[in-house]
Amino acid sequence: MSENIEKKWQKKWQDAKLFESDPNDKEKLYITVAFPYPSGAMHVGHGRTYTVPDVYARFKRMEGYNVLFPMAWHVTGAPVIGIADRIQRKDPWTLDLYENVHKVPKDKLPELADPINIVKYFSTEYHNVMNKMGYSIDWRREFRTIDPTYQKFVTWQANTLYKKGLIKQGEHPVKYCPHDKNPVGDHDLLEGEGVGVNELTLLKFKCDDIILVTATLRPETIFGATNLWLNPEVHYILVEVEKGQSKGEKWVMSDDSYYNISNQKELKIIKDINPEELIGKMVENPLSHEKLPIFPASFVSSEYGSGVVFSEPADAPADYIALQDLKQNKELIKKYDIEKVVEDTEPINVVTVKGYGDIPAKEIIEKLQITNQDDPKVHDATEELYKTEHSKGYLSERFPKYGGKKVAYVRDEVKKDLIEENIADIIYDFAERPVICRCGNRCVVKIMDDQWFMKYSDEEWTKKAKECLEGETVIPEEIKSNFDYYLGWLQDWACSRRVGLGTRVPWDKKWLIEPLTDSTIYMSYYTIAKYLRNMDPELLNDAFFNKVFLDIDSDDIKIEPELVDKIQKEFNYWYPLDWRLSAKDLVGNHLSFLMFAHTAIFPKEKWPKGTVVFGMGLLEGNKMSSSKGNVILLDDAINEYSADVVRLFLMSSAEPWQDFDWREKEVKGTQRRLQWFREFAAKVEQVNGGNLNLTNIPEIEVKSNINKWMIAKLNQHIKNSTEALEVFQTRKASQEALFLLKKDVDHYMYRIQHINNDDEEVKYVLSILLKNWIKILAPFTPHTCEELWNKYGGEGFVSEASWPEYDDSLIDEEIEKSEELIQNLVKDINEIKKMVDNDVNKIHIYLAPQWKWDLYKIADEIGKPDIGQMMGRAIKADIYSDKKEIANTAKKISREMTKTKYIGKIDEAAILNDSKAYIEEECGNEVIIHTDDSYDPQNKARNAMPYKPAIFLE
RNA sequence: GCAAGGGUGCCCGAGCGGCCAAAGGGGGAGGACUUAAGAUCCUCUGGUGUAGGCCUUCGAGGGUUCGAAUCCCUUCCCUUGCACCA
């Protein structure tokens, strides 16, 4: 049923070309959301992402803007290559994922062995589901990032940045498989997913004419170096460095580490080295020049770093325990003839850290009860101490230049100085191992030296990007400082790739442009995409784009000038982008790149104006994840609940930047609420005798308080909802527009039960209410609203209807206070009745006399519960003769005023009389409203306070 | 570790100096309707009180203020990001 209605309106919108936006005289609004990478089916989390801009677009359209909301598909990149490959190989996990989670029909599955087919299949799927959601997208501008026309655009973009000197060649460490001769991404790994690459400082210890190189994460501990460790079991070699700052030096390292380091430096193997011959010899500490002995140790790994380690037993638990082991191993000491030096070797304090003494490593070894260097707990000890010292440690005062400073700062300083003096170099290694390629071979860290980089570190460029950020509205606001941080922190970004789908680097065709780099200014492409989609890509040269986007004239433009002019005008009409929406995790890359790229290419007036950042999706409290199968596909959700229910739920369960939680029970609650709304509309028609006409509601003057109250509430909710939508608060807006308004309507309907159901005022109020209500819900539940609008005589599409103007003058404090007065009174009476045992016949109500209002006013002017001041002013103004009574009342007011908002005197007698019948009905007794205390047997009248009449139950 | 955000009633979540015992939803209890169930509607959902009140609560501790869930300080805990990947 609802599915048919939704289909019907989607078709009507399409036939009327409602969302095909072309330049006109209206004010424009251009909104985009990060386009999807369609490597799987759309789930409800994606649904939220794309519903937010749709709701906003629909809202702004009703406000009278010419809104552009386009969509395209980001299909460049490597992941689909891996997926296709796994499908090709019939990897069971992948097949299961695509068949059962992404729900690809079994007969279609084999086609997905081709990456192109994956992106085609899912982008088509996305397109269809987006239509089923009722998104108001201008599909004439749809494209995929591998379309030849788009590639021409990316080529232009790359050339433009290149010419400005913002793309440079440089070196960069990557995970690399020496067997495949290719960089490897995480998805290409058999083992070691997510393992990071560490930059290690390689310290050079001279030993005659050769150098023992030791790799460390903690170069500052060089001050406490006592000896070197070599593992007698490991195979060492001597190599000569052939290039770079260490050229000509002869290094000793393990041959396993050579496997890695040779990918980073040009090394020539000279000969094998027998560690036994080196153990016992002395090397020179490069910093202090003192002589240090070489000792044997079994914990030294041949794979990590260089296979040679310098020992700092005060702060490195492994070094400490290895030294203890050695001291006890008389046999070994004897073998290498190092009795004296071993005996003399003691830890040297380097780092002072709270909670530890002089030799932190000793303490932690003892704490964890580690008994020898091959105990796996050594690893935990190292990790713990490393973290503590890094965050809380200080280098001991006695070291010149660096002493007394925090370890965290000293580390980089020492490293920089050592390298400058050429007593250290840099190598890279994995933080953990093993890292094994799919082909079964050990991966290495390779330095690619022909990699292309975006120079995001460029100071001037960063300054401009920050300026761009400064001029933007960021929602939520707190993210802005985050952005600022990222813009400054971004280093050069490797922007070329060897594998994946994408556009070639125009001047170096062996590279592809990295997928985050090819989608930083594509919002400008949307504005002209409808002209380019059927064009011969060969016509789209740089000259063309230069003219359209930057107004640079050229003889090389191959398209007729009139068309170029039209295209350029369209770009200038839509640009700059008003709003960019994207997920939280893209703040540090995509969204920042977007700002960088815009400032580099476009003049300031074309820089983006606003960014909205999204939170994540949860499913019944757990993180949504396709790969774990923990998702609900959007299509399934639509089929089960209808698009409107899904939309409404997604918009109302959390604000866009918060994490939302798809809870079936609450989705069902939303469904019932929407159903209630439809029934309410039918009820309004029924009250109107079956011929409700929303286009033509006869004007009528509203007199009764409760009707005025309903109108006031309606206006208040429209106002709140409008203000919330302006700043993308879809949750607040939908709460106001549906849930809170419904609560007031419920109350209203209850209140008017006693009124003649042919009452003209009620008919009018309900009609006005419904008319506006349909409108303010239209952005959230467009199909339902379109249907109701049409059914009850609305003119045209509600999607095109004008957004309701709220009238501040109708949002009357006094009217609200009146209803509050009545409700509080009823509540109080019933509460007292509950507590009183005897039967009640009559309810007497006494109102506060004028002087109490005067006193309340004085209290309000003072602004705080200061009884002394109140008394002073009251007596001066001579508001009442009995000072004791004034004092008593002042005390009460002092208490009351912190709980009640003062809005001036209201005519309580009139208000209560207006609703007397209602009060009697609610309380079940006759009500007598006294304007004086001529009948007051229990002396209750004196309790009357402004907004709080006295009650006497008889 | 660094950076950002956050800890609110059974649960999710609003509130961000006084209309706050704290919106709204979910869950629970009771009632109306119904042959019954469901849906819908009403009431209650911190404690206590024989006159509309009082007491205790917003991670913990301290402070500012006539007044703090809201502001400041300290402390504990949680979530996210830290890159060559969309």
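Chain letters run A, B, ... following the sequence lines, proteins first and then strands; every chain starts at 1.
When the side-chain nitrogen and oxygen atoms of A/Q658 are compared with OP1 and OP2 of B/A14, one or more of them lie within a distance under 4.0 Å. Residue A/R497 places none of its side-chain N or O atoms closer than 4.0 Å to OP1 or OP2 of B/C84. Distances shorter than 4.0 Å separate some side-chain N or O of A/W676 from OP1 or OP2 on B/C41. Residue A/R673 places at least one side-chain N or O closer than 4.0 Å to OP1 or OP2 of B/G26.
Residues A/Y456 and A/Q491 come closest through the heavy atom pair CB-O, 3.5 Å. Nearest heavy atom pair, residue A/H46 against residue A/Y50, reads O-CD1, 3.0 Å.
By the side-chain contact (heavy atoms from CB on, under 4.5 Å) test, A/I832 is found to be paired with A/V836, A/I951, A/L953, residues two or more places apart in sequence or in another chain being considered. For A/N263, there are no side chain to side chain donor-acceptor pair (under 3.5 Å) partners at least two apart in sequence or on another chain. Listed by chain and residue number, nothing satisfies the side chain to side chain donor-acceptor pair (under 3.5 Å) test with A/E908 (two or more places apart in sequence, or in another chain). Residues passing the side chain to side chain donor-acceptor pair (under 3.5 Å) test with A/H74 are A/T76, A/D518, sequence neighbours excluded. Legend: residues meeting side-chain contact (heavy atoms from CB on, under 4.5 Å) with A/E620, ordered by chain and number and at least two apart, are A/R663, A/E664.
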Side-chain donor-acceptor distances from residues 581-593 of chain A under 3.5 Å, at least two apart:
unit_1, atom_1, unit_2, atom_2, d
A/H590, NE2, A/R580, NH2, 2.9
A/S592, OG, A/V587, O, 2.6

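Among the nucleotides B/A83, B/G5, B/C19, the one closest to any side-chain atom of A/Q491 is B/A83. The side chain of A/K901 approaches B/C19 more closely than any other nucleotide in the set B/C12, B/C85, B/C19. Nearest nucleotide to the side chain of A/F739, out of B/G26, B/G24, B/C41: B/G24. Nearest nucleotide to the side chain of A/D746, out of B/U40, B/C42, B/A83: B/C42.
Within 6.0 Å of NZ on A/K827 lie no more than 12 heavy atoms contributed by other residues, nucleotides or ligands.
Rounded to whole Å, atom P of B/C12 lies 13 Å from atom CG of A/N622. Atom CG of A/N720 and atom C1' of B/A14 are 13 Å apart (whole Å). Going from atom CG of A/L618 over to atom C1' of B/G13 covers 13 Å, rounded to whole Å. For the pair A/K668 NZ and B/G26 P, the computed distance is 13 Å after rounding to whole Å. Atom CD of A/E831 and atom P of B/U50 are 13 Å apart (whole Å). What separates CD of A/Q729 from P of B/G13 is a distance of 17 Å, to the nearest Å. Between A/W493 atom CH2 and B/C85 atom P there is a gap of 8 Å when expressed in whole angstrom units. Rounded to whole Å, atom P of B/C42 lies 16 Å from atom OH of A/Y748.
If you check every strand for non-hydrogen atoms under 4.0 Å, A/E666 touches a base. Nucleic acid contact class of A/L490 (heavy atoms, under 4.0 Å, all strands): base. At a threshold of 4.0 angstrom between heavy atoms, the contacts of A/H74 are confined to the sugar-phosphate backbone, with no base atom among them. At a threshold of 4.0 angstrom between heavy atoms, the contacts of A/P515 are confined to the sugar-phosphate backbone, with no base atom among them. Using a 4.0 Å heavy-atom criterion, one finds that A/G40 contacts no nucleic acid atom at all. Using a 4.0 Å heavy-atom cutoff across all strands shown, A/L586 reaches at least one base atom of the nucleic acid. Among the protein residues, A/K864 comes within range of the nucleic acid bases, having at least one heavy atom under 4.0 Å from a base atom.
Shown here, B/C2 forms a base pair with B/G81; the pair counts as Watson-Crick or G-U wobble because both key distances fall under 3.5 Å. The partner of B/G17 cannot be assigned: no Watson-Crick or G-U wobble pair with both contacts below 3.5 Å exists in any strand.
Within the 6.0 Å centre-distance limit, the rings of A/W662 and A/F649 are counted as a close aromatic pair.
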Every protein N/O lying under 3.5 Å from an N/O of nucleotides 78-82 of chain B:
unit_1, atom_1, unit_2, atom_2, d
B/G81, O2', A/Y486, OH, 2.8

Under 3.5 Å, which protein N or O atoms sit close to an N or O of nucleotides 20-23 of chain B? Give each pair with its distance.
unit_1, atom_1, unit_2, atom_2, d
B/A23, N1, A/R731, NH2, 3.3

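Taking the C1' atoms as reference points, B/G13 lies 10 Å from B/A23, given to the whole Å. Comparing the C1' positions of B/C78 and B/G46 gives an interatomic distance of 26 Å, to the nearest angstrom. Here the separation of B/C11 from B/U64, taken at their C1' atoms, is 35 Å to the nearest Å. When the P atom is compared between B/G59 and B/A68, the two are found 15 Å apart, to the nearest whole Å. Comparing the P positions of B/G25 and B/C41 gives an interatomic distance of 10 Å, to the nearest angstrom. The same atom, P, is picked in B/C33 and in B/G47; the two are 29 Å apart, to the nearest Å. Nucleotides B/C76 and B/A22 have their P atoms positioned 34 Å apart, rounded to a whole Å. Going from the C1' atom of B/G15 to that of B/C58 covers 10 Å, rounded to whole Å.
Each salt bridge (Lys or Arg N to Asp or Glu O under 4.0 Å) pair with one or both residues in residues 938-954 of chain A, not counting sequence neighbours, appears once here: A/D828-A/K948, A/E885-A/R942. Sorted by first and then second residue, the side-chain hydrogen bond (donor to acceptor under 3.5 Å, both in side chains) pairs involving residues 741-752 of chain A (not counting sequence neighbours) are A/N707-A/Y748, A/H717-A/D744, A/K742-A/D746, A/H747-A/E819, A/H747-A/Q823, A/Y750-A/E922, A/R751-A/E819, A/R751-A/S915. Under the salt bridge (Lys or Arg N to Asp or Glu O under 4.0 Å) criterion, the residue pairs touching residues 71-85 of chain A are A/D85-A/R89, A/D85-A/R438, with sequence neighbours excluded.
Remark: side-chain polar atoms of A/T730 are paired, donor with acceptor, to backbone N or O of A/M651 under 3.5 angstrom.
When each of A/R895 and A/K665 is assigned the nucleotide of RNA chain B bearing its nearest heavy atom, the one mapping closer to the 5' terminus is A/K665. Of the two residues near RNA chain B, A/K940 and A/S481, the one whose nearest nucleotide lies more 5' is A/S481.
For RNA chain B, the neighbouring residues in residues 945-954 of chain A, judged by any heavy atom under 4.0 Å, are A/K948, A/P949, A/A950, A/I951, A/F952, A/L953.
Side-chain N/O atoms of A/Q675 and A/R672 include no donor and acceptor closer than 3.5 Å.
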